[in-house]
Student: 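Let me give you the structure first, and then I'll get to my questions.
Every chain is numbered from 1 and lettered A, B, ... according to where its sequence line falls, protein lines coming before strand lines.
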2 protein chains.
Amino acid sequence: MKLSNAEWQIMNALWAHHPATARQLAGQLPQETKWAYTTIKTMLTRLVEKGAVGEHKQGNTSVYEPLLERKNARGSAIRTLIDQAFEGGLAPMLSFLMEDNRLSKSERKVLKEMLDKNETNKE
Amino acid sequence: MKLSNAEWQIMNALWAHHPATARQLAGQLPQETKWAYTTIKTMLTRLVEKGAVGEHKQGNTSVYEPLLERKNARGSAIRTLIDQAFEGGLAPMLSFLMEDNRLSKSERKVLKEMLDKNETNKE
DNA sequence: TGCTTTCTTCTACATATGTAGTATATTTTA
DNA sequence: TAAAATATACTACATATGTAGAAGAAAGCA
């Protein structure tokens, strides 16, 4: 499932707190994001159509919750990026990250720790 | 500079071999990608408008070359993904990669080596 | 119970993106 | 040099995306 930029914002808010009404969602969007209430409703309607979000009525008010899991959305976004920009390989992306000096020293440290932990965990 | 999916394909071909005419480009697109010649021309025109590609005439034929550097395109694509899907942090993305078991054992090994190399290189 | 607030559903519209056809100019070639 | 092949510039059109207004239904309140 592919999400547009605006859809990510809605989904992020929804993943953070759900179920939620459109009004509640509005409160949780980053303040830079100033959308009209109806804009949020439109996005939600579209996400419901796509099957990324579930909707049920509470009186006359719609309550929404994510159906698409964040994990999955993330996975497919990364997949798309890798296919598009890194010849389909994770390694080229990672080495880009290294070489382009995008990792701070502390990030590198954290990453190493993750690798070690992961290694002991998984075999 | 943000590239659409189709634009990435053109740019990938152009980065691989340039300068190139539209006709030459056509030859280098992945075979799954079967676009009409004019489709390629349209994409190129749009990329020239955006400043991602340079064009100059060779007789009546346009010869194109990338102006946008692959590095930069990659950087901004990653940036966008991270902001959108990983709370703006590289670490969350990397840990996602770890935990979601998207890395094979060998990829992890390579990654570790890169980290080590990088560390000694850069301080 | 009428006014105000809040929801909902529809509709709208601009820009972006994917994809390509047409008409016309140019170049190559028989 | 006239026909064939190419290239170019324009135009077109569907779907996606960002953004929101309008009209009407419901709910809350004075």
Side-chain angles (χ1 to χ4, degrees), chain A residues 1-14 19-65 68 73 76-77 80-81 83-85, chain B residues 1-14 19-65 68 73 76-77 80-81 83-85:
Chain A
M1 175 99 52
K2 183 150 182 62
L3 301 175
S4 75
N5 202 295
E7 288 172 339
W8 268 100
Q9 299 208 233
I10 299 280
M11 292 305 292
N12 282 334
L14 197 52
T21 63
R23 190 61 65 181
Q24 290 168 333
L25 256 309
Q28 294 183 224
L29 294 172
Q31 24 298 87
E32 314 85 77
T33 307
K34 28 166 121 311
W35 283 333
Y37 175 79
T38 50
T39 298
I40 294 169
K41 285 289 290 181
T42 300
M43 298 304 310
L44 283 165
T45 300
R46 289 181 186 170
L47 285 165
V48 169
E49 277 161 17
K50 290 173 82 164
V53 166
E55 171 179 23
H56 81 276
K57 292 286 183 174
Q58 181 91 55
N60 89 318
T61 301
S62 287
V63 180
Y64 301 92
E65 70 184 320
L68 173 63
S76 74
T80 298
L81 176 67
D83 287 344
Q84 219 167 230
Chain B
M1 173 99 53
K2 182 147 183 64
L3 300 175
S4 76
N5 203 294
E7 287 171 340
W8 269 100
Q9 300 207 231
I10 299 280
M11 292 305 292
N12 282 334
L14 197 52
T21 63
R23 189 61 64 183
Q24 290 167 333
L25 256 309
Q28 295 185 223
L29 292 172
Q31 30 299 83
E32 316 85 77
T33 306
K34 29 168 122 304
W35 284 332
Y37 175 80
T38 50
T39 298
I40 294 170
K41 283 290 288 181
T42 300
M43 298 305 309
L44 283 166
T45 301
R46 289 180 185 171
L47 284 164
V48 169
E49 277 161 17
K50 293 174 78 164
V53 167
E55 170 179 21
H56 81 275
K57 292 285 182 174
Q58 181 91 57
N60 88 319
T61 302
S62 286
V63 181
Y64 302 92
E65 70 184 321
L68 174 63
S76 74
T80 296
L81 175 67
D83 287 345
Q84 220 166 230

Student: Taking for each residue the nucleotide of DNA chain D with the nearest heavy atom, is it B/Arg46 or A/Ala6 whose nucleotide lies nearer the 5' end?
Tutor: B/Arg46
Student: So, for B/Leu29 and B/Gln9, which heavy atoms are closest and what is the spacing to 0.1 Å?
Tutor: CD2-O, 3.5 Å
Student: Compare side-chain N and O positions of A/Tyr37 against OP1 and OP2 of D/dT19 and report whether any pair is under 4.0 Å apart.
Tutor: no
Student: Starting at CD1 of B/Ile10 and ending at P of C/dA20, how long is that distance when rounded to a whole Å?
Tutor: 12 Å
Student: Using 4.0 Å as the upper bound for N to carboxylate O, is an ion pair formed by B/Lys2 and B/Glu7?
Tutor: no
Student: State the OG-CG distance between A/Ser76 and A/Leu3, to the nearest 0.5 angstrom.
Tutor: 7.0 Å
Student: Should the heavy atoms of other residues, nucleotides or ligands under 6.0 Å from NZ of B/Lys57 be counted, would the total exceed 12?
Tutor: yes
Student: Report the distance from atom CD of B/Gln9 to atom C1' of C/dT19, rounded to the nearest whole Å.
Tutor: 13 Å
Student: Specify the closest pair of heavy atoms between A/Ala52 and A/Met11, including all atoms of both residues, with the distance to one decimal.
Tutor: O-CE, 3.6 Å
Student: Rounding to an integer number of Å, can you tell me how far A/Glu7 CD sits from D/dA16 P?
Tutor: 11 Å
Student: For A/Lys41, report the nucleic acid contact type (base, sugar-phosphate, nothing); a contact means any heavy atom under 4.0 Å.
Tutor: base
Student: Is a donor-acceptor pair below 3.5 Å formed from side chain B/Arg23 to base D/dT8, judging by atom type as modelled?
Tutor: no
Student: Let me know the distance between CG of A/Asn5 and P of D/dA16, rounded to the nearest Å.
Tutor: 17 Å
Student: In whole Å, what is the span from the CD atom of B/Gln84 to the P atom of D/dT17?
Tutor: 11 Å
Student: Which pair of non-hydrogen atoms, one from A/Pro19 and one from A/Gln24, has the smallest distance, and what is that distance?
Tutor: O-OE1, 4.2 Å
Student: Nearest whole Å is fine: how far is C/dA20 P from B/Leu44 CG?
Tutor: 14 Å
Student: Please list residues of residues 48-64 of chain A whose heavy atoms come under 4.0 Å from any atom in DNA chain D, ordered by number; otherwise none.
Tutor: A/Asn60
Student: Does the side chain of A/Ser4 get closer than 4.0 angstrom to OP1 or OP2 of D/dG18 through an N or O atom?
Tutor: yes
Student: With distance as the sole criterion, do the side chain of B/Thr39 and the base of C/dG18 form a donor-acceptor contact below 3.5 Å?
Tutor: no
Student: D/dA16 C1' sits how many Å from B/Lys2 NZ, rounded?
Tutor: 14 Å
Student: In whole angstrom, what separates A/Trp35's CH2 from D/dG21's C1'?
Tutor: 17 Å
Student: Which value, rounded to the nearest 0.5 Å, describes the distance between A/Leu81 atom CG and B/Thr80 atom OG1?
Tutor: 9.0 Å
Student: Which listed nucleotide (C/dG18, D/dA9, D/dT19) is nearest to the side chain of B/Thr38?
Tutor: D/dA9
